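First listed ligand is number 1; within each ligand, the first listed atom is number 1. Throughout, numbering of the chain's residues begins at 1 and tracks the sequence. Note that the structure is predicted; figures quoted are calculated from it, not measured.
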Amino acid sequence: MKVVTTIKELQTILGEYRSEGKTIGLVPTMGALHAGHASLVERSVRENDVTVVSIFLNPTQFNDKTDLEKYPRTLEADCELLTQVGATIAFAPSVSEVYPEPDTRQFSYPPTDSVMEGAFRPGHFNGVCQVVSKLFSYVNADRAYFGEKDFQQIAVIRRMVADLGFGVEIVPCPVIREESGLARSSRNTLLSEDERKLAANIYRIMKKSLDLYPAHSVAVVHDYVVREINEIEGLEVKYYSIVDGETLADVTSWDDAPHIVGCITVYCGAAPIRLIDHIKYKG
Ligand code: PAF
């Protein structure tokens, strides 16, 4: 696997592959890779001739500077993992390579980017669109792979792809979970062993709420999840939103949309660490 740090070198190499008629898969990441990322890369390797994995801790999507500072940085281990799973190129540019000047572009795809994480982390999805649109331009991939763990992010990126006419196919990949049910996330490394055990309750309770669907109303299911999680010391629900799986608009009845998903953000532990997850109720 080749590690590339400049856009110029990346495009020279990809130009050669393209001229040989090779297909290109892109897996955008912020590093601190884990089994969830590995599954995206493995899928891209299966479905494309060439797989580019970007490793770039994008400052413009962090509205909270301490969150950015706390984010784990593990480039060496990341490259080892990418070699093992068969990636072709790790693209690890500097901030000044990606942002030679401040990015003033504004993206707005409501309600996908204005609700949930969009409401609690103003500017977050704007930063995601800034960097992902740049990566799409550099790589011109046939397919781009995103983990469904960031369910809202995929909905926003789909809107951006449709808006800007990118030819790339967005491939959503299932959440990879620890044995306890906790969704794999780079942030999990910031949890102590005890906090990890606590955090496993999030998915356990969301899964239990499936038993209430569809006999009980959306409001009852919502309140059940929030109450059960908040009863556990060390966990605090920031929001639980039960939404249309495509537009992400809130639903009030199970008949409101063909796909219905519950999306949650929970603060875990003393630091605290923000954890997100989701569960599909319908469709
Ligand atoms: O999901 C992530 O890790 C990031 O939001 C992404 C898509 C790599 C953009 O920085």
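Here the protein heavy atom with the shortest distance to atom 3 (O) of ligand 1 is M30 CG, 3.7 Å.
In terms of N/O distances under 3.5 Å, ligand 1 is approached by Q153.
For ligand 1 and Q61, the ligand atoms under 4.0 Å from any heavy atom of the residue are 4 (C), 5 (O), 9 (C), 10 (O). Under a 4.0 Å criterion applied to the non-hydrogen atoms of P28, ligand 1 contributes the atoms 8 (C). In summary, the atoms of ligand 1 found under 4.0 Å from a heavy atom of T29, numbered by their order in the structure, are 8 (C). Close approach of ligand 1 to V131 (heavy-atom distance below 4.0 Å) involves ligand atoms 9 (C), 10 (O).
The number of heavy atoms from other shown groups lying within 6.0 Å of NZ (K207) does not exceed 12. Residue E231 qualifies as enclosed at atom CD: its count of foreign heavy atoms under 6.0 Å is above 12.
Looking at Y17 and D49, their side chains never bring a donor and an acceptor atom within 3.5 Å of each other. T66 and D64 are linked by a side-chain donor-acceptor pair at a separation below 3.5 angstrom, with hydrogens and angles left out of the test. A donor and an acceptor atom, one from each side chain of T265 and E117, are located under 3.5 Å apart.
No side-chain heavy atom of L26 sits less than 4.5 Å from a side-chain heavy atom of R143.
Contact annotation for D150 and ligand 1: only side-chain heavy atoms (C-beta onward) come within less than 4.0 Å of the ligand.
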